2 protein chains.
Amino acid sequence: MNNVQEESLRDQKKYRRRLQILEIARGIISAKGLRSLKVRDVAEAAGCSVGSVYNEFGDFDGVILTVNRETVQALTARLRGVPAEDPVRQLYGLAETYLDFFAGHANLLRSLFEHRMEDDRPYPDDILQMVMDAFALMHPPLVRLLPDADDVKIALLSRTLFSAMHGIISLGLEERMVAVPPQMLRQQIEQFVDTQLRGLGILPVGARLS
Amino acid sequence: MNNVQEESLRDQKKYRRRLQILEIARGIISAKGLRSLKVRDVAEAAGCSVGSVYNEFGDFDGVILTVNRETVQALTARLRGVPAEDPVRQLYGLAETYLDFFAGHANLLRSLFEHRMEDDRPYPDDILQMVMDAFALMHPPLVRLLPDADDVKIALLSRTLFSAMHGIISLGLEERMVAVPPQMLRQQIEQFVDTQLRGLGILPVGARLS
DNA sequence: CTCTAAAATGAACAATGTTCAAGAAGAATC
DNA sequence: GATTCTTCTTGAACATTGTTCATTTTAGAG
């Protein structure tokens with residue numbers, strides 16, 4: 001047994017195929033929704049048998065969960081890229097970035113938030129943790145803006161605020177629900193953050209509804 | 001052809017069976033989630049063949065959608081029962097009632113909001129409309145509290161606020177996501193409405209975070 | 001009672017997730 | 001390089017579940 005990674009031919013092929021399967025699955029989910037994802041379609045597109053998909057991911061949920069894992073990773077990366085100089089601008093930036101990311105990858109986000117496991121198997125902890133971490137990204141700017149507040153309460157506030165934004169955006173982008181007309185969504189989100197910041201005493205309460 | 005409802009024996013049986021199928025389907029969704037709903041289970045529990053389910057509802061989506069339709073009707077009835085004397089109390093009441101209803105029927109609400117149609121068939125318009133109407137129930141109290149604001153903007157605000165609440169509650173109640181710990185949820189919702197009302201200038205901006 | 005139309009039935013079919021015995025391919029040993 | 005061993009790949013077979021439809025049953029009409 002060699003400790004050094006040998007990059008054996010076998011491992012290379014395996015890894016390449018793994019990536020290929022994920023790319024194909026992501027493409028299908030993104031284009032046609034999670035419900036249109038079929039093992040045989042993925043296998044055929046990847047040029048391998050269905051057995052290989054199972055060999056690599058255990059079961060079909062394994063493919064979905066891996067795509068979801070990468071989705072939340074990509075989301076987190078985008079959110080971490082929001083400038084942090086001005087905490088107020090950072091909050092607006094996080095909201096806007098979440099909206100953009102959601103709008104650009106709606107079906108992937110829905111797969112992340114709506115996929116249910118068969119029976120009562122638990123959702124993988126690491127994915128839950130990553131979502132939690134993403135939703136905690138409002139914590140630092142809020143701490144700067146509310147220096148006297150309890151840290152635990154700020155943590156809750158961050159998740160509450162993020163969950164609220166998630167609700168506005170996920171329902172707003174769903175043409176079938178039309179909770180908020182899409183064109184207006186960006187403006188609505190901005191106004192929502194506005195109101196929230198005024199309510200928290202971070203911004204002055206000015207004229208009601210511009 | 002007789003215009004008067006004859007309540008023929010045939011129609012009675014048909015109707016009774018219809019109700020029975022719906023009750024059973026709702027029970028399964030409520031107890032074990034939409035993904036555990038199976039035609040054969042429903043048919044067996046209702047003491048009829050699978051064909052009869054199809055005869056009555058067209059396809060399996062028909063059963064699900066009918067349950068969803070009744071869910072949003074029940075929700076709307078509950079929300080309409082919130083006292084309307086004091087508009088501020090009404091807003092808190094709507095939030096609290098939505099939380100209670102969601103907590104009591106989490107799987108039914110998830111079925112309503114997360115069910116995707118096969119292929120690209122559209123979601124029935126009447127259900128969408130009913131959800132929209134439910135989300136508009138904050139409109140009247142908001143109009144009373146913001147008499148100078150544009151009516152269209154209040155309409156948007158109502159849906160935005162409701163969508164935000166929906167996000168906080170649906171993620172908060174999801175033990176798998178734990179965006180907000182369940183025990184804290186009621187308090188979090190109240191505080192959220194609080195902040196929102198202060199931000200809108202409806203309540204005075206007092207001490208930051210009680 | 002007989003006839004007709006509607007409904008119920010459930011076996012057969014179709015789509016799709018899952019398994020596994022057999023074979024193929026790479027790695028290890030000589 | 002041949003042989004052996006390990007691992008991966010394959011795809012047919014199976015399991016589950018939604019859907020159809022020819023046949024039978026049943027309620028209502030004459």
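Lettering of chains follows the sequences in order, A, B, ..., and the numbering in each one begins at 1. Not measured: the values here are computed from a predicted model.
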Can you list, in residue-number order, the parts of residues 35-46 of chain A that come under 4.0 Å of DNA chain C, counting heavy atoms only?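 Close to the strand are A:Leu37, A:Lys38, A:Val39, A:Arg40.
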
Is the distance between the ring centroids of A:Phe162 and A:His166 less than 6.0 Å?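 Centroid distance A:Phe162-A:His166: not below 6.0 Å, so no.
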
From C:dT9, C:dG26, D:dT19, pick the nucleotide closest to the side chain of A:Lys13?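 So the side chain of A:Lys13 is nearest to C:dG26.
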
Where do A:Glu70 and A:Leu22 come nearest, in terms of heavy atoms and distance?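 Taking A:Glu70 first and A:Leu22 second, the nearest heavy atoms are OE2-CD1, 3.5 Å.
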
Give a yes/no on whether any side-chain N or O of B:Ser49 is located under 4.0 angstrom from OP1 or OP2 of C:dG10.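 For C:dG10, OP1/OP2 do not have a side-chain N/O of B:Ser49 under 4.0 Å.
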
Test side-chain hydrogen bond (donor to acceptor under 3.5 Å, both in side chains) on B:Tyr123 and B:His115 and set out the steps. CA-CA 9 Å; B:Tyr123 208 80; B:His115 176 59; over 6 Å; no

So that I can tick it off, tell me whether [Y] and [X] are bridged by a salt bridge, with the cut-off set at under 4.0 angstrom between side-chain N and carboxylate O.
X: A:Glu96; Y: A:Arg89; value: no
X: A:Arg17; Y: A:Glu56; value: no
X: A:Arg121; Y: A:Asp59; value: yes

If you count the non-hydrogen atoms of other residues, nucleotides and ligands that lie under 6.0 Å from CD in A:Glu118, is the total more than 12?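 For A:Glu118, atom CD is crowded (more than 12 foreign heavy atoms under 6.0 Å).
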
What is the distance, rounded to the nearest whole Å, between atom [atom1] of [X] and atom [atom2] of [N]?
X: B:Glu118; N: D:dG18; atom1: CD; atom2: P; answer: 11 Å
X: A:Arg16; N: D:dT9; atom1: CZ; atom2: P; answer: 12 Å
X: B:Ile21; N: D:dG18; atom1: CD1; atom2: C1'; answer: 15 Å

What residues from residues 52-64 of chain B pass a heavy-atom cutoff of under 4.0 Å to DNA chain D?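 Close to the strand are B:Tyr54, B:Asp59, B:Phe60.
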
May I have all residue pairs that pass salt bridge (Lys or Arg N to Asp or Glu O under 4.0 Å) and include part of residues 100-110 of chain B, sequence neighbours excluded?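 Only B:Asp100-B:Arg186 qualify under salt bridge (Lys or Arg N to Asp or Glu O under 4.0 Å).
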
